[in-house]
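Have a look at the structure below before the remarks.
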Amino acid sequence: MDNPISRIVEPVARWAAIACGWGVLVLSVAITIEILGRKLFAFSFHGIDDIGGYTLAITATIGASYTMAMRGHTRVDVFLVRMPDGLQRLLNLLAMLTMAVFAVFATWRGSVVLMESIEFQSVATNPLQTPLWQPQSLWLIGIGLFATIAVAYAVHAVRLYARGSSLLNRFYGPMTAQDELEAEMTARLEREAQAESHAGEGGTR
Amino acid sequence: MIDITIAGIGFGLLLGFMAIGLHVAFVMFALSMLGAMLYLGWPATLEFGTQYWGATNNFVLVAIPLFVLLGELLVRGGFTDRMYRSLADWLNPLPGGLLHTNIGASAMFAAVSGSSVATAATIGTVAIPAFKGRGYDPRLVLGSIAAGATLGILIPPSINMIIYGAMTNTSVGRLYAAGVIPGLLLTALFMLIIVVACWWKPQFAGAVEAPAPLGIRLRRLVDLVPPVIIFVVVMGSIYLGWATPTESAALGVVMSLAICAAYRTLSLNMLHECFVTTVSVTAMIMLIAASAFFLNFVLGLMGVPQALSEFVAKLGTSQGQIIIVLTIFYLILGCFLDALAMMIGTIPIVVPLIVALKIDPVWFGIYLVVMAELALITPPVGMNLYVVQGIRKEGLITDVVVGTLPFLFMMLLLVLLLYLWPDLALWLPRVSFD
C-alpha cells in the first residue's frame, strides 16, 4: 500500500519541479547567449546574474517541497535502522514533526521578508531594478508548498502513531540508500524498455 | 566571548541529533536557533528569513543545479559506453588490463561531472557488464569503480568545491585549478596500485587480450571527443576569464544538450527525468546549505570563530597536528555521515580553526574534498558502495568494501603527499591566476 498523502502531493510537487527544471535550462541558454554576446558582439543582458540567483532561490524552495514529498531530505539512517521498532516509530514521528516546525517557521520568516520588500518597495541593485517582491513571492510559494507537505506528513504520522500502526516506519522512515537505488533502477529499466521499443541506434548495451 | 566547552557541547548535540535520524537540515537549524536564543536573544532568530533568502539567492551556488543538470544529461547521453571502449583500447596493455579503464573512464567523466555519485552510476553501468566472463577478481573490479568514481568531486568541476567556495568566500576558480594536479595524481596512484596488485597476484587480472587493430583504435578515438570538448570549454572559459565558474557551468549544460542531440538520446521524457532529479538534488543540498549559512551567521555573532582560534593558539598545536586530528575525525565522521552533509556541517567550525593556524583555505578545500571522497567509500554509509552494489545486484556489498581498501590507502597517501608538498594543490592556481 502506498502512502495516501504522497499520492496526492507527489504529482503536484513533481510538476512544480519540472517547471523549475525548465527554468534552469532556459537560464543556461540565456547565460550562454550572454557570454557569446559579451565576447563576440559587445552586447549584454544586464542583470543575468540576479536572474540566476532568483532561479536558484525559487528552485531551491519549490524543489524542497518535491524532495519532502519523496522523503529525500538527508537523514542519517545507520543507527536508526538498528533500533527496536517502537523506538524507530517514535524517532520517525519526531523527525516528521521537527521538519514541519522548521518549514512553518521558514514560511513565517519568509513571509516577513516578502512583506518588508513590498512595504519598502525594495528593488534589486542591478540595471533591471527588479522589484524584489516578484522573485520573493515565488520563493515564498515554494516554502509554503514545502511547509504544507511537511505538515500534512506530520499530521498523518501523528495519526499513525496514535493508532499504533506499523505503517509509520514504512511511510516516514528514512529513504535508505537501497530504496533510492531501487527507485532509480526501476526508472532506468523503464527508460531502457522505452528506448528499445523506439529501437534507436545509439543505446548499445 | 563564548566558552570553548559550549562550542564543544553544541557540536556534540549536532552529531547526536543527526544520529537519531532527524533531518540534517533541521538539526543545523535547531542548533542555530538554540545558540541564538541562549546567547543573542530572540530577535536574532528572526533573522532566519533574510539569511534563507540570502543563501538561496546566491549566484555562486547557481552552479549547483547547472552542474547537476549537466551530469544528468551526460548520464543519459549515451556516449559513455563508447568512451569506455575507446579508453580500453589504449589502457588494456597495462598489467591489470581492463581495470585501468575503470579508473581512466572515471577520471575522464569526473572532468565533466561535479558529482561522484553520478560518476559511479555512469561508469558502473557501463563497466560492470564489460567484465562478465573475463576472469577478473570481482572485488577489485567493484572496488576500482567505487573508488575511481570518487574522483568526480576532486577533478574539477566539483559541486563540493562550489559549496566550500560559497561558504568560505574562497574563489571557486582557484579551487578548480587546485584540484587538477591532486586529481591526476590520485588517478595515477589508483592505476599504480592496480599494477602492484596484479603483479603480486596475477590471478587478479583477466586473460590478456589482443588489442584491436590500430586503425580501428585510432578511429574510435573520436568517442573521446565529447567529454574532452566539454572539459576544455568549461575549464578554458574560466581560465581565459571569459566566464565565471557559474557561467561556465551554463556553457557546459548547453554543450551537453548538443551532445545528447548528436547521440539522439534527447527527448522530452528524458529532459523531464533530468529536471526532476536535478531539482530534487539541488533542493536537498540547498536546504542543508541554507541551515548551514544560518549556523555560520549565528556562530559568527556568538564569537565562536574567535574563541576557537584563541583556543587553538593557546594549545600551541602545529598545522601538522591539527591535520592529523582532523583526518582521524573526518575518517570516523565519514563512516556515518553523508559526504556532502559532513562537509557542509563542519565548515562553520573547522574553517575558522585552520584560518587561525594560517593554513591556506584553498589547500584546505582540496584536503576536505579528499576527505569527502573517503567518506563516499567508507561503510556503513558510503554512497558509492551502494551505487556500485545496486548496479551489480548480486553477491554481498562486503565484496565492494574489500575491493576499495587498496584505493583507500592510496587516498590517504594523497593526503600525506598534499601535506608534505602543499604546492601539489597550490602551484596551478598560483600560476593561472596571479
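Labels below follow one simple rule: chain letters A, B, ... track the order of the sequence lines, proteins then strands, and each chain is numbered from 1.
In this structure, the portions of B:F336 lying under 4.5 Å from any heavy atom of chain A include both its backbone and its side chain. Heavy-atom distances place the side chain of B:V253, and not its backbone, under 4.5 Å from chain A. Proximity to chain A (any heavy atom under 4.5 Å) is restricted, for B:M33, to the side chain, taken from C-beta onward. Proximity to chain A is limited to the side chain of B:L69, based on heavy atoms less than 4.5 angstrom apart. Residue contact with chain A, scored on non-hydrogen atoms closer than 4.5 Å, involves the side chain of B:L257 exclusively. Heavy atoms of B:L22 lying under 4.5 Å from chain A belong to its backbone as well as its side chain.
For the atom pair CG of A:L87 and CD1 of B:I20, the computed distance is 8.5 Å after rounding to the nearest 0.5 Å. Distance check: B:T282 OG1 to A:L56 CG gives 7.5 Å after rounding to the nearest 0.5 Å. Atom OG1 of B:T244 is separated from atom CD1 of A:I35 by 7.0 Å, given to the nearest 0.5 angstrom.
Side chains of B:N57 and A:Y54 form a contact here, defined as non-hydrogen atoms less than 4.5 Å apart. Looking at heavy atoms from C-beta onward, B:V62 lies out of side-chain contact with A:T55 at the 4.5 angstrom threshold. Residues A:D50 and B:F59 are not in side-chain contact: their nearest non-hydrogen atoms beyond the backbone lie 4.5 Å or more apart. Looking at heavy atoms from C-beta onward, A:F102 lies in side-chain contact with B:F48 at the 4.5 angstrom threshold. Annotation: side chain of B:F275 is not in contact with side chain of A:R14 (no heavy-atom distance under 4.5 Å). Side-chain contact between A:V24 and B:L66 is present, with at least one heavy-atom pair separated by less than 4.5 Å. B:Y52 places none of its side-chain heavy atoms less than 4.5 Å from the side chain of A:R109. Annotation: side chain of B:L271 is in contact with side chain of A:W22 (closest heavy-atom distance under 4.5 Å).
Although no hydrogens or angles enter the test, the distance criterion places no donor-acceptor pair under 3.5 Å between the side chain of A:R75 and the main chain of B:H23. Of the possible donor and acceptor atoms, one in the side chain of A:T67 sits under 3.5 Å from a partner among the backbone N and O of B:S280.
Summarising the geometry of B:T56 relative to A:A60, their closest heavy-atom pair is CG2-CB, 3.8 Å, with the distance given to 0.1 Å.
When the options B:L337, B:L287, B:D338 are evaluated for a side-chain contact (heavy atoms from CB on, under 4.5 Å) with A:T74, the one that passes is B:D338.
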